[in-house]
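Each remark here refers to the structure printed beneath this line.
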Amino acid sequence: MAKAQPGPSMDLTRVRNIGIAAHVDAGKTTLSERVLYYTGALHRIGEVHEGAAHMDWMAEEQAHGITITAAVTQCPWKGHLIQIVDTPGHVDFTIEVERSMRVLDGAVIVMDGVRGVEPQTETVWRQANKFAVPRFVFVNKMDRPGADFDRALASLKRKFGDLAVPITVPQSNLTVLHVIEELVYAFSGEKGEVVTTRAPDEDELLILSDARDTLISALADHDDALADQYLSGETISQDQLWAALRRQHIAGTIRPAFGGSALRNWGVQPMLDAVLKLMPSPLERPPSVGTLPDGTHVDVEMDSEGPLCALAFKVQLFEGRRHVFARIYRGSMAPGDLISLPGRDIEERVARIFDVDANKKGRIEHAVAGQIVLIAGLRWASTGDTICDPANPVILERIDARQPVISLGVEPDSGGDEDKMIEVLGKIAEEDPTLRYHEDAETGQRLLSGMGELHLQIAFERMEREFNLKLRVGRPQVVHRETIRNTVRHTGGVDRQIDAGNQVLHLRADVVAEVSPRERGAGMLIDTATAQWEPAGYEPTNDQRNAVELGAKDAATSGPVEGSPLQDVYVRVERVLTFGASSNPQALRIAAAQAVREAMGKAGGVVMQPIMKMEVVVPDENTGGVLGDLQSRGATILGHEAEAGMTSIAAECGLSPLIGYATDLRSSTRGRGQFVMEFDRFDVS
């Protein structure tokens, strides 16, 4: 079926850019497949459990049965164009959700009807909050034993304080009751594609009446005009309800909720209709905030007539070639256009532009504000870069990448593949900012760092499949950070002569530096601007000031215990004592580094490891054994609750004792236990 092709005359009021996000195995890719099928973008439904999902196109996704990379597609629905990003649910790939939320106008959060809010639900909810993304809730798997629609919505209120109000209420006969339209929706046909409506019977009418009162009461709390109508007993029309709900949904005061089962083809179409009615168009989102070269903040309005401004939110290799996903916020783009990357002093030329359907791309000749497109030909643009008109530079807010927490030593299986390995690792790390490739300065060992064991496993599988590169890997090494225990002031300096060819140079300078610990998560702070220079009245040059700052930074890159990166330390240069021409920039840099380094050593270093927040779900009969095992690993138990024969245990634990925990848990629970963990902070375990 032909898709609605965007172009210069695209009506942005009829465009919806949405993402689908969830905890792993909640059914978001299954929901995406139904959306594509019902809109005509797919002619058959690919099932995740058969390894045939259209949106899970990577071989690794099909083999592992999970989404690994955010997949972009588009589909027509009732005269509108919906651009969809299907995101991963596993925490190791959370960067895919983070950068997707950055460019979306709305999201559908899928929840398991039995489990309610799960750990990764909390993560994606926070990511949506970070970028103020309006969102629906689709309570999925309502066909499963133990599923409870009201309980799932109550878990949202309990966890986040957000009010989720039912718009469709799922019933046990595979129908849904539409609260606003006051109709019963039934789904039939081979794949639920036939949707029929009827008037509710007496029992259904009672359920609808209660749900409608709940909806109107919630809306009235934030809408005085609606409240007056409600209290006076006036009839409130469907149009009024849709309009009030739309305002409050976009404002974030109410989360519309829908229910059903994507796998059973139940309840999807009413939610899809609501995407058009409730989700904002690109024109209705607040303008993006940009920064001009002089530091001035400006609003970047969604306008196809202005100078180009787009955000590169993802680099991806298609058929071994580098492509860049971008969301256009202002202006337009065409093949051959010259663009700049402000802040990096780089100009590039757009070679080709594509719209994307999972791993298939279709060439287009023009793209405008509001679109998510794939660009070929950009060699240097990376995740978070702003792409703009060279004559109108502006920088949009970047995308934060989380720090990796686990490393593996790597070397090529074949001795002749050394250069190839370095090239491939560079390409893989460029795609995923949470993968880091580096060489250990002390051992010379090459290390690949990532967010977890699965994250690194997938990277190795991809390198073998896509680049025919086999690697030998070492045992997992947990990434450490260091901080200090005490506040120490120290004077360091340099006083020596060096042979500089035809002359002997005298280097002399003294620096007084103070180092002190900061609160966990506060980061590094290096202050050299307030330093007093001596003798009194001495006015240093810019080169001298810069040299002191560079010296302090040199010494603050690694800790005093094992040389791991420093964190949560305040470094302040108090005084700089100069000795005429001998205190040149080289001398000052050495002196500052010496002062800070020795102060660090005296302050007492502390090694910190990643502390992971985790949730373990096990059968009730295994709870005692699993709790004991976690405590033996040094975990702090934060709480546990039992529901429907399963116990959910919340805990936090250092990462080192959790290496291989998945295998141990499966063994102790006969394969029924599962757990997820997410990096929380670096701390002393």
Side-chain angles (χ1 to χ4, degrees), residues 11-21 77-83 101 103-109 125 127-139 153 156-157 160-169 177-183 208-259 270-289 299-303 329 369-370:
D11 181 1
L12 291 180
T13 64
R14 303 181 77 81
V15 173
R16 302 291 183 269
N17 291 308
I18 66 169
I20 300 180
W77 186 246
K78 298 185 177 179
H80 290 67
L81 179 71
I82 303 176
Q83 297 189 113
M101 289 294 182
V103 299
L104 292 171
D105 300 326
V108 177
I109 308 298
W125 201 270
Q127 289 169 319
N129 283 342
K130 179 178 179 179
F131 300 112
V133 177
R135 73 214 72 144
F136 290 172
V137 176
F138 185 81
V139 182
L153 299 189
L156 275 174
K157 180 70 173 176
F160 310 126
D162 284 56
L163 178 62
V165 178
I167 307 303
T168 64
V169 181
L177 309 182
H178 201 296
V179 176
I180 296 179
E181 297 177 3
E182 296 182 285
L183 292 171
L208 275 174
S209 179
D210 287 345
R212 191 177 175 87
D213 282 346
T214 299
L215 171 62
I216 295 174
S217 177
L219 292 171
D221 286 343
H222 305 278
D223 190 318
D224 292 341
L226 197 68
D228 291 341
Q229 277 187 273
Y230 181 48
L231 294 173
S232 63
E234 294 180 34
T235 300
I236 301 174
S237 70
Q238 289 186 26
D239 288 345
Q240 286 176 299
L241 285 178
W242 281 119
L245 181 59
R246 189 173 206 272
R247 288 192 298 271
Q248 295 190 32
H249 162 60
I250 293 175
T253 54
I254 286 180
R255 309 299 184 189
F258 303 81
M271 184 273 295
L272 195 52
D273 287 338
V275 167
L276 307 187
K277 289 180 178 291
L278 300 178
M279 288 293 187
S281 73
L283 297 175
E284 294 172 295
R285 292 287 284 148
S288 297
V289 177
D299 287 342
V300 178
E301 301 280 355
M302 190 71 67
D303 176 12
Y329 286 94

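Quick caveat: nothing in here was measured; it's all calculated off a predicted structure. Numbers for residues simply follow the sequence, beginning at 1. Keep in mind that the numbers below use all heavy atoms, side chains included, and drop hydrogens, waters and symmetry copies.
For the atom pair OG1 (Thr168) and CG (Leu183), the distance works out to 12.5 Å, reported to the nearest 0.5 Å. The distance from atom CD1 of Ile167 to atom NZ of Lys277, rounded to the nearest 0.5 Å, is 12.0 Å.
Counting only N and O atoms by type, the side chains of Ser237 and Asp239 include no donor and acceptor under 3.5 Å apart.
Taking each heavy atom of Asp273 and Lys78 in turn, the nearest pair found is OD1-NZ, 2.9 Å. Between Met302 and Leu12, the shortest heavy-atom distance links the atoms CG-CD1, 4.1 Å. In terms of heavy atoms, Ile180 sits closest to Trp242 at CG2-NE1, 3.5 Å. A pairwise comparison of heavy atoms in Arg285 and Pro134 identifies NH1-CD, 3.4 Å as the closest pair. Annotation for Ala257 and Ala164: closest pair CB-CB, 4.4 Å, computed over non-hydrogen atoms. Summarising the geometry of Leu208 relative to Val179, their closest heavy-atom pair is CD2-CA, 3.7 Å, with the distance given to 0.1 Å.
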Inset, instruction - Given side chain to side chain contact (heavy atoms under 4.5 Å, CB included), test Leu245 with Leu278 step by step and report yes or no. - result: CA-CA 7 Å; Leu245 181 59; Leu278 300 178; 3.7 Å; yes

Inset, instruction - Would you sort out whether Thr253 and Leu163 count as a side chain to side chain contact (heavy atoms under 4.5 Å, CB included), showing the intermediate values? - result: CA-CA 7 Å; Thr253 54; Leu163 178 62; over 6 Å; no

Inset, instruction - Kindly indicate, with the supporting measurements, whether the criterion side chain to side chain contact (heavy atoms under 4.5 Å, CB included) is fulfilled by Phe138 and Ile109. - result: CA-CA 6 Å; Phe138 185 81; Ile109 308 298; over 6 Å; no

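Within the structure, every pair that satisfies the side-chain hydrogen bond (donor to acceptor under 3.5 Å, both in side chains) test and touches residues 214-225, not counting sequence neighbours, is listed here: Asp223-Arg247. Among residue pairs with one or both ends in residues 250-259, those qualifying as salt bridge (Lys or Arg N to Asp or Glu O under 4.0 Å) are Asp162-Arg255; sequence neighbours excluded.
Under the side chain to side chain contact (heavy atoms under 4.5 Å, CB included) criterion, Asp228 pairs with no residue at all, not counting sequence neighbours. For Lys157, the side chain to side chain contact (heavy atoms under 4.5 Å, CB included) criterion is met by no residue, not counting sequence neighbours. Residues satisfying the side-chain hydrogen bond (donor to acceptor under 3.5 Å, both in side chains) test with Arg16, not counting sequence neighbours, are none. Residues forming a side-chain hydrogen bond (donor to acceptor under 3.5 Å, both in side chains) with Lys130 (at least two apart in sequence, or on another chain): Glu98, Asp400. The side-chain hydrogen bond (donor to acceptor under 3.5 Å, both in side chains) check on Asp303 picks up nothing, with sequence neighbours excluded. Partners of Glu182 by salt bridge (Lys or Arg N to Asp or Glu O under 4.0 Å), not counting sequence neighbours, listed by chain and number: Arg212. Taking the side chain to side chain contact (heavy atoms under 4.5 Å, CB included) definition, one finds that Gln229 meets it with Leu226, Glu234, Ile236, Gln240, sequence neighbours left out. Glu284 pairs by the side-chain hydrogen bond (donor to acceptor under 3.5 Å, both in side chains) definition with Arg246, Ser281, not counting sequence neighbours. Evaluation of the ring-ring contact (aromatic ring centres under 6.0 Å, His included) rule for Phe160 yields Trp125 as partners, not counting sequence neighbours. With sequence neighbours left out, His249 forms a ring-ring contact (aromatic ring centres under 6.0 Å, His included) with Phe136.
Under a 3.5 Å cut-off, the side chain of Arg135 and the backbone N or O of Val133 do form a donor-acceptor pair. Asn17 places no side-chain N or O within 3.5 Å of a backbone atom of Pro282 that could act as its donor or acceptor partner. Gln127 places no side-chain N or O within 3.5 Å of a backbone atom of Met101 that could act as its donor or acceptor partner.
The shortest distance between side-chain heavy atoms of Val137 and Pro256 does not fall below 4.5 Å. For the pair Gln248/Leu219, a side-chain contact is recorded, criterion being any heavy-atom separation below 4.5 Å from C-beta on. For the pair Gln238 and Leu241, the minimum side-chain heavy-atom distance is 4.5 Å or more. In this structure the side chain of Leu153 reaches within 4.5 angstrom of the side chain of Val139, judged on heavy atoms. Looking at Gln83 and Ile18, their side chains never come closer than 4.5 Å, going by heavy atoms from C-beta outward.
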